[in-house]
There are 4 protein chains.
Amino acid sequence: MTATPARRRELLDTAAEVFAAQGYNATTVRRIADEAGMLAGSLYYHFDSKESMVDEILSTFLTELWAGYDAVLEAGLGPRETIEALVTESFREIDRHRAAVAIYQKESKQLAALPRFHYLTDSQTKFEKAWLGTLERGVADGVFRTDLDIRLTYRFVRDTVWVAASWYRPGGQHSPEEIARQYLSMVLDGISVVT
Amino acid sequence: MTATPARRRELLDTAAEVFAAQGYNATTVRRIADEAGMLAGSLYYHFDSKESMVDEILSTFLTELWAGYDAVLEAGLGPRETIEALVTESFREIDRHRAAVAIYQKESKQLAALPRFHYLTDSQTKFEKAWLGTLERGVADGVFRTDLDIRLTYRFVRDTVWVAASWYRPGGQHSPEEIARQYLSMVLDGISVVT
Amino acid sequence: MTATPARRRELLDTAAEVFAAQGYNATTVRRIADEAGMLAGSLYYHFDSKESMVDEILSTFLTELWAGYDAVLEAGLGPRETIEALVTESFREIDRHRAAVAIYQKESKQLAALPRFHYLTDSQTKFEKAWLGTLERGVADGVFRTDLDIRLTYRFVRDTVWVAASWYRPGGQHSPEEIARQYLSMVLDGISVVT
Amino acid sequence: MTATPARRRELLDTAAEVFAAQGYNATTVRRIADEAGMLAGSLYYHFDSKESMVDEILSTFLTELWAGYDAVLEAGLGPRETIEALVTESFREIDRHRAAVAIYQKESKQLAALPRFHYLTDSQTKFEKAWLGTLERGVADGVFRTDLDIRLTYRFVRDTVWVAASWYRPGGQHSPEEIARQYLSMVLDGISVVT
DNA sequence: GATGAATGAGCATTCATTCAT
DNA sequence: GATGAATGAATGCTCATTCAT
């Protein structure tokens, strides 16, 4: 007999997969239940609502993400190394929580409108502070170019990394670290040959 | 008095705005009608269905996009100049069809499953051929780096450009051309200072 | 330019045809308008409502039917000859008003519930009185069998005649009079060979 | 506690009653639900659609009808006895499935246009073959009159029997067998006194 | 822990009807 | 006489959720 928290995880993983594939709104509770081999009503023994399922999926993911990010940010690295570490950590999270990341990308804007999901906005703010701050520090330190709009750069780097969740498939050709390495190489040095 | 095609356009613009903001599924026909100052049923005088609205929004956009892309591709430019022209053209399209682009980004995967939207898949294929081909040509010509996974590079450049639709607001600080210039600068030369 | 009453007739004939083919409820005003080469709204210049169209179709038919029936009933014929004349007259009406008869058969029960269509019920009553009365007279006179339930006989004869509207096509192989002759022959003498 | 198939039957019986009384199109799903003491949406737990309800009603009826008919047709009876048995069987079916028969009479033409109801057309064809064949055999054998249009006779007998569903009420004065006996007597020997 | 059956609110869509032009 | 555009009520259907068993 599976212990309750394990069963919960299992169900949430199933739900996350379906949410990621079909979108939160387009996913019916019945579909999740089907995938989990039970009837729709039975899910309500485990969860209060469909909303609380995404909630748990996203908050679990964000908790882990911030554990990793905070560790990086508190490590006292230089701006370039911080960026490198954040990107690498991000791809690791994508690897571990692909579905959750995809949901986050697609649905967080909608969900953030609901009070219970305000933490998404908070996270967004913290996120921006971390990345933008690091980039600014890098510009000040002379490691990043000064001729670029810093907010544009921020969006560029941020999106560049996270959209990867839309095509990334765990167990593919490249490890998350390898993908991070190539992405960083492109972001930092560009794709053109230096002449 | 508004001519019929003008009214259609007006309504589609309204619909596109709402679809982009709330997502296709989460958007009710009633909401669109509200926004257009009419009753839900009245929309059906102009359109067959909610589906045919997105259809017209997306196909109009893609038609225009490909007009621009085809012009670039047939201009006989070198790989670097082609990439530059495609990126610039893309940002111009984002400027002109922000809502449509956002819808395309968020919903095309779902919609492409329906027969009537197979042209989305076709477009996707043509798109990949155009960009990937140009990148490969660039690598062969020695203008793009050879040490990068070419498909990774493709996704990097592609996503980098189109996600911009999620935050871009027409009439903002930068013109589409200026944004294109800075994006290109980052993509081609990187964000780090060459030492 | 067509005079108004002629145009009305034309439109009603069109409507009757569609009502008969698709059923009253299933027929949309738009469909009738299409068939008449105009827009749905334009019909309302000629008629108050869809209901008033069937109303006019049915009442016109019933007026003519009763003109014929009354002539027969007042002719002072014997029971057998009366039945023969009524059946013949009925097939002539089916020939002239096929669509109206078909509508009457299919929809009168529903429509009779509405106050404006109470004349359908009245007609039904008169109808029963005429047929049932004649049959009873025939039984009393010894021209019709006495061993049959008279109401059953009435229904038998009535249905037998009118259902023909569901398959009858004007201009077919047999004239209405010929069909009447054969029907009467079956009803009166049976289909089996007398041994 | 009602078992599932029993509940289904119950609901279908309710639906059939309403369909027969108001017509398929004019019957709203809400009305059926009202009659069944539940909400409209609840019906969809048991059935896919309004269409699938008529489908099940009609196909169940036809299955039973053909069981009876086939038994008769395979019994090797003479033409007259076959007609007698078919008519009797028909009235028994009307007795058992009055609502279904009424629906079949009124709606099958419309419904047969839909692919899922093609079996209605098939049944119609088989039906015609059975009756017409028997009549032809009877004419050849000299038990039925030769001076009648055989197709007219077929329609006469067919309609004569089935329209009865429009007025028949189970539990009435006459048993189905008695009605069949009188109908057969009229059809075979006529209503007039042989002089 | 799970099922079966039902709720109730909401949704896309249809359609008879209206009316200014 | 007819059109184009809109109304508003109703319809079939979906779906998250509840709850007795």
Side-chain angles (χ1 to χ4, degrees), chain A residues 1-4 7-8 11 24-33 36-53, chain B residues 1-4 7-8 11 24-33 36-53, chain C residues 1-4 7-8 11 24-33 36-53, chain D residues 1-4 7-8 11 24-33 36-53:
Chain A
M1 194 178 38
T2 18
T4 291
R7 187 79 177 108
R8 248 185 122 70
L11 292 172
Y24 173 68
N25 276 299
T27 299
T28 68
V29 151
R30 191 185 193 139
R31 179 67 206 283
I32 299 172
M38 50 169 60
L39 290 177
S42 308
L43 276 176
Y44 287 79
Y45 178 82
H46 301 277
F47 304 99
D48 281 350
S49 63
K50 186 179 161 187
E51 221 175 86
S52 75
M53 290 188 227
Chain B
M1 194 184 34
T2 18
T4 288
R7 185 80 176 108
R8 248 185 120 70
L11 292 172
Y24 173 69
N25 276 300
T27 298
T28 70
V29 150
R30 200 191 194 120
R31 180 67 205 283
I32 298 173
M38 49 168 58
L39 290 176
S42 308
L43 276 176
Y44 287 80
Y45 178 78
H46 302 276
F47 305 99
D48 280 349
S49 62
K50 186 180 158 185
E51 217 176 270
S52 77
M53 291 188 223
Chain C
M1 191 179 41
T2 18
T4 290
R7 186 81 176 108
R8 249 185 121 68
L11 292 172
Y24 173 69
N25 275 300
T27 298
T28 69
V29 151
R30 191 183 193 142
R31 180 66 206 283
I32 299 172
M38 51 170 57
L39 290 178
S42 309
L43 276 176
Y44 287 80
Y45 178 81
H46 301 278
F47 304 99
D48 281 349
S49 63
K50 186 179 160 186
E51 219 175 86
S52 75
M53 290 188 226
Chain D
M1 193 183 34
T2 19
T4 289
R7 186 81 178 111
R8 247 185 121 72
L11 292 171
Y24 174 69
N25 276 300
T27 298
T28 69
V29 150
R30 270 169 175 92
R31 180 67 207 282
I32 298 173
M38 49 167 59
L39 290 176
S42 308
L43 278 175
Y44 288 81
Y45 178 77
H46 301 278
F47 305 99
D48 280 350
S49 62
K50 186 180 158 186
E51 219 175 88
S52 76
M53 290 188 225

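The sequence lines fix the lettering, A, B, ..., with proteins before strands; numbering per chain opens at 1.
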Pairing string of DNA chain F (Watson-Crick or G-U wobble, both atom distances under 3.5 Å; | = paired to other strand) is .||||||||||||||||||||
Here the gap from D/T28 atom OG1 to D/K50 atom NZ, rounded to the nearest 0.5 Å, amounts to 7.5 Å
At their closest point, which heavy atom of A/F47 faces which heavy atom of A/S52, and how far apart are they?
CB-OG, 3.9 Å
So which atom in C/H46 and which in C/M38 form the shortest heavy-atom distance, rounded to 0.1 Å?
NE2-CE, 4.1 Å
D/R31 CZ to F/dG12 C1', in whole Å, measures 17 Å
Between A/A26 and D/N25, which has a closest nucleotide on DNA chain F that is more 5'?
D/N25
If I take atom CZ in residue B/R30 and atom P in nucleotide F/dT11, what distance separates them, rounded to the nearest angstrom?
16 Å
Tell me whether the OP1 or OP2 atom of E/dA2 has a side-chain N or O from A/R7 closer than 4.0 Å.
yes
On a heavy-atom basis, the closest approach of B/L11 and B/A36 is CD2-CB, 3.6 Å
Between CZ of D/R8 and P of E/dA5 the distance, given in whole Å, is 11 Å
Distance check, rounded to the nearest 0.5 Å: B/Y45 atom OH versus B/R7 atom CZ?
11.5 Å
State, to 0.1 Å, how close D/A26 and C/N25 come at their nearest heavy-atom pair, and which atoms those are.
CB-ND2, 3.5 Å
Among residues 38-51 of chain D, which ones have heavy-atom contacts with DNA chain E below 4.0 Å?
D/M38, D/L39, D/G41, D/S42, D/Y45, D/H46
Looking only at heavy atoms, the pair that brings B/I32 and B/M53 closest together is CD1-SD, 4.4 Å
For A/Y24, the ring pair (Phe, Tyr, Trp, His ring centres under 6.0 Å) test, sequence neighbours excluded, returns A/F19
Under 4.0 angstrom, heavy atoms only, what part of the nucleic acid is B/T27 near: base, sugar-phosphate, or nothing?
sugar-phosphate
